[in-house]
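Working notes for the structure below.
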Amino acid sequence: MTVEVEQRPATARRGSRMAGLAVLMAGAASNQTGAAIGAHAFDLIGPPGVVAVRQFVAASVLLPAVRPNLRRFTRAQWWPTILLGVVFVSMNLGLYTAIDRIGLGLAVTLEFLGPLAVALAGSRSRLDLVCAAAAGAGVYVLVLPSGSSDWIGIGCGLLAAGCWASYILLNRLLGQRLPGLQATAAATTVAAVLTLPLLIVLVAQGRMTPLALLYGVAAGVLASVIPYASDLIALRRVPAHFFGVLMSVHPVFAALAGLVLLGQVLDVHEWIGIAVVVGANILAVRHNAGRG
């Protein structure tokens, strides 16, 4: 009887962890599927238009669901929230512009350097230095820089990476100052306000067609609302280092979504580059979790 009593909690924990992992994987797949669907609207409203619609969809869902009391926000809560809203716009604009120019798989892999840099920041261990060098080598193999390289697209992907790193750091700060998803809901609202002039221009020009709006709304739901919710659920069920390791599926899912939904076929060297960057992240996250 004692054995059964001891085994049940362990079995329940394993079941909860597996459920959390499944939710996290579903959220990652939804995120990259949404990015690919949003890319279909580039010819209609451009990457900035998709970003604007996506922000409004996210805000229209999160604001009434979370209901943050914005009037009671203090100055110490508002300034990082406003910065996070700016980061949302910059990160998505950089990513979507990169997707438009260099493809979904390459863009998301470059963006993924952001959380990897945060994981490696300040570390002096040899293994982490090896991980950083491996990630750099992976990016080189992925891009194979030459005179014909799309440097604007690459630069936009790296801009998105820097914004993702800022997103992580700002979320850590806001997690100490605001409960739950209040910061995310408020920052998304800030992002929606910042992109409002663009939406007004697109509507005035007659470019915001029903089809463009449909693609943008789908991108907002699949790439913002569902991933936010799935990450929140998963973090309650799986350890933080598992969460960090499974973030590595994003470049892989992006490459697959680009292939299936956009017809973007990657070369062998691009798959190798993605594999090296993903492997460097897994090794770095597991190593730092072990040290913690």
Side-chain angles (χ1 to χ4, degrees), residues 27-28 31-32 34-35 38 46-63 66 68 70 73-100 107-121 152-199 216 219-220 222-232 235 243-244 247 250-251 254:
N31 195 341
Q32 303 311 325
V50 177
V51 171
V53 175
R54 174 176 167 175
Q55 301 308 318
F56 265 85
V57 170
S60 65
V61 173
L62 290 174
L63 198 59
V66 179
L70 302 180
F73 276 28
T74 65
R75 185 174 182 275
Q77 294 169 333
W78 261 122
W79 73 259
T81 299
I82 292 173
L83 281 180
L84 185 58
V86 174
V87 165
F88 276 150
V89 175
S90 303
M91 179 170 63
N92 289 314
L93 185 57
L95 176 63
Y96 277 66
T97 302
I99 292 172
D100 189 35
V108 172
T109 303
L110 290 174
E111 183 194 33
F112 188 68
L113 295 176
L116 177 57
V118 172
L120 296 174
I152 295 178
I154 293 170
C156 287
L158 294 176
L159 170 64
C163 290
W164 196 350
S166 300
Y167 164 82
I168 294 171
L169 297 176
L170 285 169
N171 262 330
R172 287 179 182 174
L173 177 62
L174 284 166
Q176 301 169 356
R177 300 184 181 182
L178 287 168
L181 283 174
Q182 286 197 39
T184 301
T188 303
T189 304
V190 170
V193 171
L194 291 175
T195 55
L196 179 59
L198 175 60
L199 281 183
L222 293 173
S224 291
V225 178
I226 292 178
Y228 289 153
S230 65
D231 287 354
L232 182 64
L235 281 170
F243 184 88
M247 291 282 285
H250 279 274

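- Shown here for A35 and A223, the closest heavy-atom pair between the two residues is N-CB, 4.2 Å.
- Across every non-hydrogen atom of A192 and F56, the tightest pair is O-CE1, 2.9 Å.
- Evaluation of the side-chain hydrogen bond (donor to acceptor under 3.5 Å, both in side chains) rule for Q32 yields H250 as partners, not counting sequence neighbours.
- Of all non-hydrogen atoms in S224 and R54, the two that sit nearest each other are OG-NE, 2.7 Å.
- Annotation: side-chain contact (heavy atoms from CB on, under 4.5 Å) contacts of V118 (sequence neighbours excluded): A165, I168, L169, R172.
- The CH2 atom of W164 sits 10.5 Å away from the CG atom of L116 when rounded to the nearest 0.5 Å.
- A distance-only check finds no donor-acceptor pair linking the side chain of Q55 to the backbone of A52 [under 3.5 Å].
- T97 is linked by a side-chain hydrogen bond (donor to acceptor under 3.5 Å, both in side chains) to nothing, counting only residues two or more places apart in sequence or in another chain.
- Scanning for side-chain contact (heavy atoms from CB on, under 4.5 Å) contacts around W78 gives L70, F73, T81, I82, V190, with sequence neighbours left out.
- Other residues, nucleotides and ligands contribute only 12 or fewer heavy atoms inside 6.0 Å of the CD1 atom of I152.
- For T184, the side-chain contact (heavy atoms from CB on, under 4.5 Å) partners two or more places apart in sequence, or in a different chain, are L62, F88, N171, L181, T188, Y228.
- Of the inter-residue distances, the one linking L194 atom CG with L93 atom CG reads 11.5 Å to the nearest 0.5 angstrom.
- Taking both residues in full, the closest heavy atoms of Y96 and G34 are given as OH-O, 4.3 Å, listed atom of the first, atom of the second, then distance.
- In terms of heavy-atom proximity, G27 sits nearest to S230 at CA-OG, 3.3 Å.
- Under the side-chain hydrogen bond (donor to acceptor under 3.5 Å, both in side chains) criterion, N31 pairs with no residue, sequence neighbours left out.
- Taking V87 as the reference, C163, S166, Y167, L170 meet the side-chain contact (heavy atoms from CB on, under 4.5 Å) condition, with sequence neighbours excluded.
- Taking every heavy atom of both residues into account, P80 and R177 meet most closely at CG-NH1, 4.1 Å.
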